[in-house]
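Everything on this sheet refers to the single structure shown next.
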Amino acid sequence: MIWMAEINGKKVMVTGGAGFIGFHLSKALSSLTDDLTIYDNLSSGKLENVADVPAAKFVKGDILDLKTLLSQEKMDLIYHLAAQVVVSYSMENPLEDFNTNAKGTLCVLEKARKDDAKLVFASSAAVYGNPSVFPTPESYGFHPFSCYGLSKVVGEEYCQMYREQYGLDIVITRFANVYGSRCHGVIHDFLDKIVKNPDKLEIIGTGKQCRDFVHVSDVVDALIKIGAMNSIDGQVYNLGVGKTTSILELSKMILTILNLQNKTVVTTTDVSWQGDVTKIWFDITKAKKELNWNPKVSLEDNIKEIVTERKLNK
């Protein structure tokens, strides 16, 4: 495999490597290189994730601690995943969100500049806000609807500035709604609610909010390819599945799999959190063409796996 050969022997760092996506990426990278560093302050990451990547070197450090960050050995490739990712939290704590996502990214860029390392930056669908074009392409532009989205825009702009002014090799990825094992997102939240009370499932908001759900293994596949490729400097890629699913549709899918579709009553609060967007639906044509990447995991099939793992089958 070309990406195995290209990453083998490189010194690789994953910021936020103890988190959900970071763990899965680090696990995959640990089979491709013998020199992998997980850099995480464990504010949301977990030590059990680090323990499950025994081949990696773990550094407990904050990306805002520039002295510690710069003191790490010279890297060839940096995946920057460390971030504050909760939209509602960003609206309540905009300064903290900015510090982590904007200033923190600037610190990681300084590490990349010092090392002359390639940087792969994890951005978000939140930079698009509530788009009016569907599916939304990378060229749509910035229209953030939350402080989180705005801080990611700032991070992207700094990445492009460092690429243009300092000649760094930087690629930006925009994640849709990533799900999978070790993630406590909307799917696991629904399952937890159903376990507590199988008669009722309450959805925050109208339930008409639509999301592009992409499995973490597909995201990792794209990230590894991006890290290995040498001809995509400066590019931006949407990483989703190219389809949209409403939260109501998701709830019905889960209840059907659990054989509770005729028992559980679904209700909505009709009021969502501040900064919540209406619809996410990525155009992934560019990633398919330039990365030779195709998401493979079906949302419904993965929910069935999760239900089986949690022994919730009726």
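Sequential numbering from 1 along the given sequence is applied to the chain's residues.
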Nearest heavy atoms of [X] and [Y], plus distance in Å:
X	Y	value
Phe190	Ser251	CE1-CB, 3.9 Å
Leu42	Ala18	CD2-CB, 3.8 Å
Gly149	Val127	O-CG1, 3.9 Å
His215	Val178	C-CG1, 4.4 Å
Cys159	Leu119	SG-CD2, 4.2 Å
Gln209	Ser272	NE2-OG, 3.9 Å

Can you classify the ring geometry of Phe20 versus His24 as parallel (below 30°), tilted (30 to 60°) or perpendicular (above 60°)?
perpendicular

Phe213 and Tyr179 aromatic ring geometry - parallel, tilted or perpendicular at 30°/60° bounds:
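Aromatic pair Tyr179/Phe213 classed perpendicular.
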
Any donor-acceptor N/O pair, [X] side chain to [Y] backbone, under 3.5 Å:
X	Y	result
Thr264	Leu201	no
Ser88	Gln274	no
Ser124	Arg174	no
Ser246	Cys210	no
Ser90	Tyr148	yes
Thr15	Ala82	yes

Do Gln84 and Asp97 get their side chains close enough for a donor-acceptor pair, meaning under 3.5 Å?
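On atom types as modelled, these side chains qualify, holding a pair under 3.5 Å.
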
Consider only side-chain N and O atoms of Asp270 and Thr268, and report whether a donor and an acceptor are under 3.5 Å apart.
yes

One pair to check against side chain to side chain contact (heavy atoms under 4.5 Å, CB included): Phe175 and Leu223. What are the steps and the verdict?
CA-CA 11 Å; Phe175 295 166; Leu223 290 173; 4.1 Å; yes

Atom NZ of Lys46 with >12 non-hydrogen neighbours under 6.0 angstrom
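Result for NZ/Lys46: open.
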
Do NZ/NE/NH1/NH2 and the carboxylate oxygens of [X] and [Y] come within less than 4.0 Å?
X	Y	result
Asp35	Lys11	yes
Asp65	Lys111	no
Glu249	Lys252	no
Asp192	Lys196	no

Worked check of side chain to side chain donor-acceptor pair (under 3.5 Å) between Asn238 and Tyr140
CA-CA 11 Å; Asn238 283 340; Tyr140 179 75; over 6 Å; no

Can you measure from CD1 (Ile170) to CG (Leu109) and round to the nearest 0.5 angstrom?
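That separation rounds to 5.0 Å.
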
